[in-house]
Trainee: 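Dumping the structure here so I can ask a few things about it.
Everything numeric here is computed off the predicted structure, so don't read it as measured data. Reminder, nothing fancy here: chain letters follow the sequence lines and each chain counts from 1.
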2 protein chains.
Amino acid sequence: MDQMDQEILQLLKINGRMTSSEISRQVHLSVPAVSERIRKLEESAVIDLFTVKLNREQIGQQLLAFIMVQLEKPEHVEEFRKVILQADSVLECHHMAGAYDYMLKVALSGTKELERLISETIKQVPGVVKTNTMIVLSSMKEEM
Amino acid sequence: MDQMDQEILQLLKINGRMTSSEISRQVHLSVPAVSERIRKLEESAVIDLFTVKLNREQIGQQLLAFIMVQLEKPEHVEEFRKVILQADSVLECHHMAGAYDYMLKVALSGTKELERLISETIKQVPGVVKTNTMIVLSSMKEEM
DNA sequence: GCTGAAATCGTTAAATC
DNA sequence: GATTTAACGATTTCAGC
């Protein structure tokens, strides 16, 4: 991955739909050269995927929160994982070092839905002994 | 935003570079109809942006962490904001309710760089009185 | 708001440097 | 690896529904 690849990735980060010909003009490289570099960045897994970032407020997710979860024993991990992967409102799930085992980033319509997620989904998983929820007031930066 | 828009967004979430003609085949709508819907979803800000998700391990960011920050007084927010927006390793910054004022999601090469970020960048901001860092061991889910 | 057709523009593959 | 050319495919525009 050289300087040129970095420039191309920078442009794609700002606009993932930018065409190879548009990029070609900006980086002073021929169109096939640009396409080939993008293909190789995908092949080598530097590029994970192209995606679209939605405006959460516009799609009814006005509330963002982080939920710390303490899972009693490792034998409950599989069930926990299954529940998390199925829950659409859970955007991220990280296995953590420290006082809590997992940290979830969740996007919901409001506190009512948050309450339901915590008490009816997360706390229903066997082994979940403790949770700690932190509410986001606003976000000044959010990248991938 | 109707059912059709949701189907299109779902496809674009999986592949942000999917062409209108590819989408057209999958949702049984003409190509111009698909293009027009995508254009309107962008115009109405439901679509925030098209972007590329990079594989952090492949680009030398093997360490992911969350840093809680306590900021003494509101008059230091502007300086704090400036530093955060400039720091490439800070992926996210959320203003929080609760014990800490801000929560950062950071991606770095390792603990050495983390130490430098905390002591030479974050703690240098006037008003930062306390931080608390949580290390990510692995991530089982990560969407936008 | 969708469709179909035509013109424009972008992509891909092969040959060459 | 990059470029050029030419065939192919996608997008845009617009008339008509």
Side-chain angles (χ1 to χ4, degrees), chain A residues 1-62 88-89 107-109 142-144, chain B residues 1-62 88-89 107-109 142-144:
Chain A
M1 232 206 5
D2 60 6
Q3 177 65 28
M4 188 60 80
D5 281 340
Q6 300 218 4
E7 282 178 42
I8 292 172
L9 287 176
Q10 193 51 45
L11 291 171
L12 287 173
K13 218 170 170 185
I14 298 163
N15 178 7
R17 289 206 122 203
M18 189 178 274
T19 62
S20 296
S21 25
E22 282 174 293
I23 295 168
S24 160
R25 277 170 232 138
Q26 300 226 20
V27 302
H28 308 294
L29 212 65
S30 72
V31 174
V34 171
S35 312
E36 184 63 6
R37 276 171 180 269
I38 294 173
R39 197 193 60 73
K40 282 186 182 166
L41 286 167
E42 284 189 80
E43 193 191 48
S44 67
V46 170
I47 291 178
D48 206 358
L49 60 79
F50 288 96
T51 191
V52 62
K53 186 176 184 296
L54 302 184
N55 185 327
R56 283 195 292 268
E57 310 236 327
Q58 294 277 343
I59 55 171
Q61 301 181 331
Q62 280 82 15
D88 285 339
S89 51
L108 311 125
S109 60
E142 201 168 7
E143 297 176 1
M144 289 216 93
Chain B
M1 230 205 5
D2 60 8
Q3 178 65 30
M4 187 60 80
D5 282 340
Q6 299 216 5
E7 283 178 41
I8 293 171
L9 288 177
Q10 193 51 47
L11 291 171
L12 287 173
K13 218 171 168 183
I14 297 164
N15 178 6
R17 271 176 99 82
M18 189 179 274
T19 61
S20 295
S21 24
E22 284 175 292
I23 296 169
S24 161
R25 278 171 231 137
Q26 301 225 20
V27 302
H28 307 295
L29 211 67
S30 72
V31 174
V34 171
S35 310
E36 183 63 6
R37 276 171 181 270
I38 294 173
R39 198 194 59 73
K40 281 186 183 165
L41 285 167
E42 285 190 80
E43 191 191 49
S44 68
V46 170
I47 290 177
D48 206 359
L49 59 79
F50 288 95
T51 189
V52 63
K53 185 176 184 299
L54 301 184
N55 185 326
R56 284 194 292 268
E57 310 236 328
Q58 293 277 344
I59 56 170
Q61 300 181 330
Q62 280 83 15
D88 284 339
S89 49
L108 312 125
S109 59
E142 201 166 10
E143 298 176 359
M144 287 217 93

Trainee: Once rounded to the nearest 0.5 Å, what's the spacing between atom CZ of A:Arg37 and atom CG of A:Leu29?
Mentor: 6.0 Å
Trainee: Of all the nucleotides listed (D:dA10, C:dT12, C:dT3), which has the minimum atom distance to the side chain of A:Val31?
Mentor: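 The closest nucleotide is C:dT12.
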Trainee: Ignoring backbone atoms, establish whether A:Ser30 has a side-chain N or O less than 4.0 Å from OP1 or OP2 of D:dT4.
Mentor: no
Trainee: Between C:dG1 atom P and B:Asp2 atom CG, what is the distance in whole Å?
Mentor: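 Result: 9 Å.
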Trainee: Whole Å only: how far is the NZ atom of B:Lys40 from the P atom of D:dT12?
Mentor: 15 Å
Trainee: What's the spacing between B:Glu7 CD and B:Asp2 CG if we round to 0.5 Å?
Mentor: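 Reported to 0.5 Å precision, the distance equals 9.0 Å.
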Trainee: Can you find a side chain N or O atom of B:Ser35 that sits less than 4.0 Å from OP1 or OP2 on D:dT12?
Mentor: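 Yes, B:Ser35 has a side-chain N/O under 4.0 Å of OP1/OP2 on D:dT12.
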Trainee: C:dT11 phosphate, OP1 or OP2: any side-chain N/O from A:Arg39 under 4.0 angstrom?
Mentor: no
Trainee: The side chain of A:Leu29 is closest to which nucleotide in this list: D:dA2, C:dT12, C:dT3?
Mentor: D:dA2
Trainee: Can you tell me how far P of D:dA10 sits from CD of B:Glu22, to the nearest Å?
Mentor: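 After rounding, the reported distance stands at 7 Å.
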Trainee: To the nearest angstrom, how far is A:Ile8 atom CD1 from D:dG1 atom P?
Mentor: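 Computing the A:Ile8:CD1 to D:dG1:P distance gives 13 Å.
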Trainee: Which nucleotide wins on minimum distance to the side chain of B:Pro32, given the candidates C:dT11, C:dT3, D:dT3?
Mentor: C:dT3
Trainee: Give a yes or no on whether a salt bridge exists between B:Arg39 and B:Glu36, defined as a side-chain N under 4.0 angstrom from a carboxylate O.
Mentor: yes
Trainee: Counting side-chain heavy atoms from CB outward, which of C:dC2, C:dG1, C:dT11 is closest to B:Arg37?
Mentor: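 Shortest atom-to-atom distance from the side chain points to C:dC2.
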Trainee: Figure out the CD/P separation between A:Glu43 and D:dG1, and round it to whole Å.
Mentor: 12 Å
Trainee: On the nucleotide C:dT11, are OP1 or OP2 found under 4.0 Å from the side-chain N or O atoms that A:Ser21 carries?
Mentor: yes
Trainee: Look at A:Arg17 and D:dA10 and indicate whether a side-chain polar atom (N or O) is within less than 4.0 Å of OP1 or OP2.
Mentor: no
Trainee: Going by heavy atoms in the side chains, are B:Leu41 and B:Leu9 under 4.5 Å from each other?
Mentor: yes
Trainee: Looking at CE of B:Met1 and OG of B:Ser44, how far apart are the two atoms once the value is rounded to the nearest 0.5 Å?
Mentor: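 Between atom CE of B:Met1 and atom OG of B:Ser44 there are 8.5 Å.
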Trainee: Expressed in angstrom and rounded to an integer, what is the separation of A:Glu36 atom CD from C:dA13 atom P?
Mentor: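 Roughly 10 Å, once rounded to whole Å.
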Trainee: Rounded to the Å, how far apart are A:Leu41 CG and D:dG1 C1'?
Mentor: 14 Å
